[in-house]
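Atom set for the values below is all heavy atoms of this structure, side chains included, hydrogens, waters and symmetry mates excluded.
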Amino acid sequence: MKIGKILILIDLGEETPSLLRYGFQLAQTLKANVWLQHIYYIPPDLVGEVFIPSEALKKYEKKVFREYKKLKKGTLSEIAEPHFIVSHGDLVEKANQLIDQENIDLVVVGNQGGGLSTNILGSNTLKLIHHAHCQVLSVPKQAEFKPFMRMAFATDWQDTSATLLQRIKDFVQLFNAHLDIIHVSEKHERREVSIEVTGMADLSHTFYYHWAKDVEEGLQQHVAEYQNDLIVLIPHHHDFFDRLFRRSVTRQMVFHSHVPLLTLHESFVSQG
């Protein structure tokens, strides 16, 4: 798997420069081309039956391009000119249109929202994780990019396809990294999985088993102990992912983690 095209979603808030530095350093490491997309929308509760004139939208977009020019003088001054797109509408819908149109391989998104328009990223990070047509890398606030050396893949081995495992393996090999394969369970039982089945035989990896009532806590403990620099998850529609990504646990992990989160899911594999 080659990652040749990266899409960075930006809200032009105060965290945008650090997200861009992270995204462009990642792109340079992977020798990938970069697209930047700013998606704005008018919240339905503010719109009501009021007609929004096209002049107002154009005025806002001009403001966006002015802010973008400021970024180019600083963060982007020493970087090859990226593709810059401004879109009006639903975040996931507009992002997926560009992903499909340009065959984007990876979306890079920040963990927190705010900026010129309200709540563009923030909680919508979760929508991207579930519905983006490619893999999503969620980057913590003010993170500095360093090539990944030790990744953590958490799984319960339920309905995990060989194709998805191959995608994970390919991503690990892009960085020549070590992979911790972590089976986290609330039940004190060990499920043996052979390296032949996982396809990881020729990959630097280690199996770990964690038993914890709080699955998210077990994963966080592992990451803290082994200093993993990337967490990899597959957002299945089953209990394991629900235990990680429900209640406030989801927001605690996505919004407050100091470790980037890479998510892949079956639907985009079937499209790829």
Side-chain angles (χ1 to χ4, degrees), residues 1-7 26-27 29-30 32 99 103-109 125-126 128-140 145-185 191-210 215-216 218-220 222-223 226-245 253-254 257 259-272:
M1 175 184 69
K2 181 181 185 298
I3 295 179
K5 297 181 178 181
I6 293 176
L7 169 61
L26 171 65
T29 299
L30 297 175
I99 290 168
N103 294 315
I104 299 294
D105 301 303
L106 175 69
V107 172
V108 176
V109 63
T125 300
L126 296 177
L128 284 166
I129 285 174
H130 280 285
H131 302 295
H133 291 175
C134 67
Q135 51 203 349
V136 176
L137 180 64
S138 175
V139 180
F145 175 74
K146 295 179 181 178
F148 305 119
M149 299 297 294
R150 185 162 189 163
M151 305 179 190
F153 169 45
T155 180
D156 63 354
W157 297 114
Q158 296 294 325
D159 305 320
T160 302
S161 73
T163 303
L164 266 179
L165 290 174
Q166 183 62 48
R167 294 249 179 176
I168 294 171
K169 178 180 176 181
D170 291 343
F171 193 89
V172 175
Q173 290 178 326
L174 286 175
F175 295 91
N176 194 29
H178 182 88
L179 181 65
D180 289 351
I181 304 173
I182 308 165
H183 182 191
V184 184
S185 175
R191 179 176 178 180
E192 298 294 344
V193 181
S194 70
I195 56 176
E196 289 77 14
V197 171
T198 64
M200 304 294 182
D202 58 344
L203 190 72
S204 175
H205 70 281
T206 308
F207 281 104
Y208 294 91
Y209 294 86
H210 286 280
V215 176
E216 188 265 350
L219 178 56
Q220 294 284 26
H222 180 96
V223 170
Y226 292 94
Q227 296 296 297
N228 299 102
D229 46 26
L230 180 69
I231 297 172
V232 182
L233 294 175
I234 299 174
H236 286 311
H237 298 292
H238 57 52
D239 290 343
F240 175 71
F241 190 80
D242 288 343
R243 291 197 299 274
L244 280 174
F245 282 77
M253 186 165 189
V254 174
S257 173
V259 181
L261 173 67
L262 177 71
T263 52
L264 313 87
H265 53 81
E266 297 284 359
S267 58
F268 98 78
V269 168
S270 64
Q271 297 167 7

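Rounded to the nearest 0.5 angstrom, L137 CG and L264 CG are separated by 10.5 Å. Atom-to-atom distance recorded for L262:CG and Q135:CD is 5.5 Å, nearest 0.5 angstrom. D170 contributes atom CG, which lies 9.5 Å from atom CG of L203 (distance to the nearest 0.5 angstrom). One finds the CG atom of N228 at 4.5 Å from the NE2 atom of H222 (value rounded to the nearest 0.5 Å). Expressed to the nearest 0.5 Å, how far CG of L128 lies from CG of L7 amounts to 9.0 Å. Taken to the nearest 0.5 Å, the CZ atom of R167 stands 11.5 Å off from the CD1 atom of I234.
Counting all heavy atoms, side chain and backbone alike, A177 lies closest to R150 at CB-N, 4.4 Å. In plain terms, the two heavy atoms of V223 and V259 that are nearest each other are CG1-CG2, 3.7 Å. When every heavy atom of P260 is checked against every heavy atom of D229, the shortest pair comes out as CD-O, 3.4 Å.
The aromatic rings of H205 and F207 lie perpendicular to each other, with more than 60° between the two planes, well past the 30° mark. Ring orientation note: the planes of Y208 and Y226 are tilted relative to one another, at an angle of 30° to 60°.
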Could you give me the CA-CA distance, side-chain angles and deciding distance for L165 and F153, then say whether side chain to side chain contact (heavy atoms under 4.5 Å, CB included) is met? CA-CA 10 Å; L165 290 174; F153 169 45; 3.8 Å; yes
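Using a 4.5 Å heavy-atom threshold, the side chains of L30 and D105 count as separate. Two residues are said to be in side-chain contact when any heavy atoms from C-beta on lie closer than 4.5 Å; I129 and L261 meet this criterion. Side chains of F175 and T29 form a contact here, defined as non-hydrogen atoms less than 4.5 Å apart.
For D202, the CG atom sits in a packed shell: over 12 heavy atoms of surrounding residues, nucleotides or ligands are nearer than 6.0 Å.
Looking at I3, I6, I99 one by one, the single match for side chain to side chain contact (heavy atoms under 4.5 Å, CB included) with I104 turns out to be I99.
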